[in-house]
K.L.:
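Next up is a structure, given as structure tokens.
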2 protein chains.
Amino acid sequence: MKTSSEAHDSEGPFRVYTPATLGAAIRHYREEAGLSQAELAERAGLNRTYLSDLETGRETEQVKRILRVLKQLGVRMTLEKADW
Amino acid sequence: MKTSSEAHDSEGPFRVYTPATLGAAIRHYREEAGLSQAELAERAGLNRTYLSDLETGRETEQVKRILRVLKQLGVRMTLEKADW
DNA sequence: TATGGATGTCCGGATATCCAGACAACGACG
DNA sequence: CGTCGTTGTCTGGATATCCGGACATCCATA
């Protein structure tokens, strides 16, 4: 399968509807990058507990508010690898 | 210019790097939808003051944290019309 | 078995956020 | 000019959030 390049399963762009889908996408890309929560938290300058909550979708009101606005406007949020 | 379809200036997808770019995108789509801040706030179930702050990029830590995570992972966030 | 890395989850408190309500400035339009 | 609609901004105060630190669990693997 895919004779060309490497083993880039890439898993396509992620559509974000909810805190849970946001978390899932972040987790996917973190694992793809081979980082632990602790490492990523360190690099992004935040707490590992927060990151864990974020990935499991426990993230809350803030994000929901913004997603609600986007939904009302019929706008979709997409996350994808910025493959430079 | 653009002989083809209508007056769909559409303005392409928005890349979100910062609270300010997020706000600009939201404002763009709100105006495109012909809604006032008050109307959109009402529909999304939130305060107009908050929406104003959001659009002017005064939105803060929460969003910045998440954008920091995405940056570390080399992931980009895009907003675009879900043209159904 | 035991040791270590990774993750989920609980607690408590400092801190940031969001809301309501109000006001000023601006433009359009009668 | 006067009025209305829209938006930016301020002030409190109630509330949600994030953090550090700790503990249990699960999975490798020595």
Side-chain angles (χ1 to χ4, degrees), chain A residues 7-11 14 16-77 79 81, chain B residues 7-11 14 16-77 79 81:
Chain A
H8 262 175
D9 30 29
S10 90
E11 188 62 49
F14 280 75
V16 176
Y17 307 100
T18 62
T21 49
L22 174 63
I26 289 178
R27 166 160 300 172
H28 172 82
Y29 289 118
R30 177 178 60 79
E31 292 179 340
E32 193 178 69
L35 295 173
S36 68
Q37 288 182 350
E39 287 170 325
L40 179 55
E42 159 95 49
R43 296 193 191 184
L46 41 85
N47 197 288
R48 190 190 64 83
T49 298
Y50 169 73
L51 194 52
S52 176
D53 285 349
L54 191 59
E55 290 191 355
T56 52
R58 240 172 272 283
E59 187 45 40
T60 42
E61 297 307 315
Q62 326 285 322
V63 178
K64 275 196 269 186
R65 266 184 267 263
I66 292 176
L67 292 175
R68 232 152 54 208
V69 170
L70 297 180
K71 182 171 187 177
Q72 282 300 319
L73 294 176
V75 172
R76 83 170 148 224
M77 176 182 293
L79 296 184
K81 200 73 175 295
Chain B
H8 261 174
D9 28 30
S10 90
E11 190 60 49
F14 280 75
V16 176
Y17 307 99
T18 62
T21 49
L22 174 64
I26 289 178
R27 166 160 299 173
H28 172 83
Y29 289 118
R30 177 178 61 80
E31 292 180 340
E32 193 178 69
L35 295 173
S36 68
Q37 288 182 349
E39 287 171 325
L40 179 54
E42 160 93 50
R43 296 192 192 186
L46 41 86
N47 197 287
R48 188 188 67 82
T49 299
Y50 170 72
L51 194 51
S52 177
D53 285 348
L54 191 59
E55 290 191 355
T56 53
R58 242 172 270 282
E59 187 45 39
T60 41
E61 296 306 316
Q62 326 283 323
V63 177
K64 275 196 270 186
R65 266 184 266 265
I66 292 177
L67 292 175
R68 232 152 53 208
V69 170
L70 296 180
K71 182 170 188 179
Q72 282 301 319
L73 294 175
V75 171
R76 85 172 145 220
M77 176 181 294
L79 296 184
K81 200 74 175 295

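Chain naming here is simple, since letters A, B, ... match the order of the sequence lines and numbering starts at 1 in each.
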K.L.:
If I take atom CG in residue B:Leu51 and atom C1' in nucleotide C:dC19, what distance separates them, rounded to the nearest angstrom?
P.N.:
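Whole-Å distance recorded here is 13 Å.
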K.L.:
For a quick check of understanding: with a heavy-atom distance under 4.0 Å over all strands, which category does B:Thr49 fall into, base, sugar-phosphate or nothing?
P.N.:
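Here B:Thr49 touches the bases of the nucleic acid.
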K.L.:
Does the side chain of B:Thr18 reach to within under 4.5 Å of the side chain of B:Val63, using non-hydrogen atoms?
P.N.:
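Result no, sub-4.5 Å side-chain heavy-atom pair not found.
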K.L.:
5'-most contact on DNA chain D: B:Arg65 or B:Leu35, nearest heavy atom basis?
P.N.:
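It is B:Leu35, whose closest nucleotide lies nearer the 5' terminus.
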K.L.:
What is the distance, to the nearest angstrom, from the CG atom on B:Leu46 to the C1' atom on C:dA20?
P.N.:
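Answer to the nearest Å: 13 Å.
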K.L.:
Measure from the side-chain heavy atoms of B:Arg27 and tell me the nearest of D:dT17, D:dC18, D:dT7.
P.N.:
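Between D:dT17, D:dC18, D:dT7, the one nearest the side chain of B:Arg27 would be D:dT7.
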K.L.:
Among C:dG8, C:dT17, D:dT17, which nucleotide sits nearest the side chain of B:Glu61?
P.N.:
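Among C:dG8, C:dT17, D:dT17, the one nearest the side chain of B:Glu61 is C:dT17.
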K.L.:
Using a 4.0 Å heavy-atom cut-off across all strands, classify A:Ser36 as base, sugar-phosphate, or nothing.
P.N.:
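Sugar-phosphate, backbone atoms only, no base.
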K.L.:
Any donor-acceptor pair under 3.5 Å linking the side-chain atoms of B:Thr49 with those of B:Ser52?
P.N.:
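B:Ser52 vs B:Thr49: no donor-acceptor pair found between side chains.
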K.L.:
What integer distance in Å separates A:Leu54:CG from D:dT17:C1'?
P.N.:
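It works out to 13 Å between those atoms.
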K.L.:
Please confirm whether the shortest side-chain N or O distance from A:Arg30 to OP1 or OP2 of C:dT7 is below 4.0 Å.
P.N.:
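Indeed, a polar side-chain atom of A:Arg30 lies that close.
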K.L.:
Hey, what do you get for CG (A:Leu54) to CD1 (A:Ile26), rounding to the nearest 0.5 Å?
P.N.:
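Between A:Leu54 CG and A:Ile26 CD1, I get 4.0 Å after rounding to 0.5 Å.
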K.L.:
Contact class for B:Gln62 vs. all strands (heavy atom < 4.0 Å): base, sugar-phosphate, or nothing?
P.N.:
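Result for B:Gln62 = sugar-phosphate.
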K.L.:
Between A:Gln37 (CD) and D:dG20 (C1'), how many Å, whole number?
P.N.:
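Those two atoms, CD and C1', are 16 Å apart.
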K.L.:
Taking OP1 and OP2 of C:dC19, is either one under 4.0 Å from a side-chain nitrogen or oxygen of B:Tyr50?
P.N.:
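No, B:Tyr50 has no side-chain N/O under 4.0 Å of OP1/OP2 on C:dC19.
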K.L.:
Is any side-chain heavy atom of B:Leu22 less than 4.5 Å from a side-chain heavy atom of B:Leu79?
P.N.:
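Side-chain contact under 4.5 Å: yes.
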K.L.:
To the nearest angstrom, how far is B:Lys64 atom NZ from D:dT17 atom P?
P.N.:
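Going from B:Lys64 (NZ) to D:dT17 (P), I get 18 Å.
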K.L.:
In whole Å, what is the span from the CG atom of B:Asp53 to the P atom of C:dC18?
P.N.:
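Result: 8 Å.
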K.L.:
So B:Arg48 and B:Glu42, do their side chains get closer than 4.5 Å, heavy atoms only?
P.N.:
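A side-chain contact is absent here, since even the closest heavy-atom pair is not under 4.5 Å.
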K.L.:
Side-chain N or O of B:Asn47 versus OP1/OP2 of C:dC18: is the shortest distance under 4.0 Å?
P.N.:
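Looking at the OP1 and OP2 atoms of C:dC18, neither is under 4.0 Å from any side-chain N or O of B:Asn47.
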K.L.:
Below the 4.0 Å mark, does D:dG8 have OP1 or OP2 next to a side-chain nitrogen or oxygen of B:Ser52?
P.N.:
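True: B:Ser52 side-chain N/O within range (under 4.0 Å) of D:dG8 OP1/OP2.
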K.L.:
When we call it a touch if two heavy atoms are under 4.0 Å apart, what does A:Arg48 touch: a base, just sugar-phosphate, or nothing?
P.N.:
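The residue A:Arg48 makes base contact.
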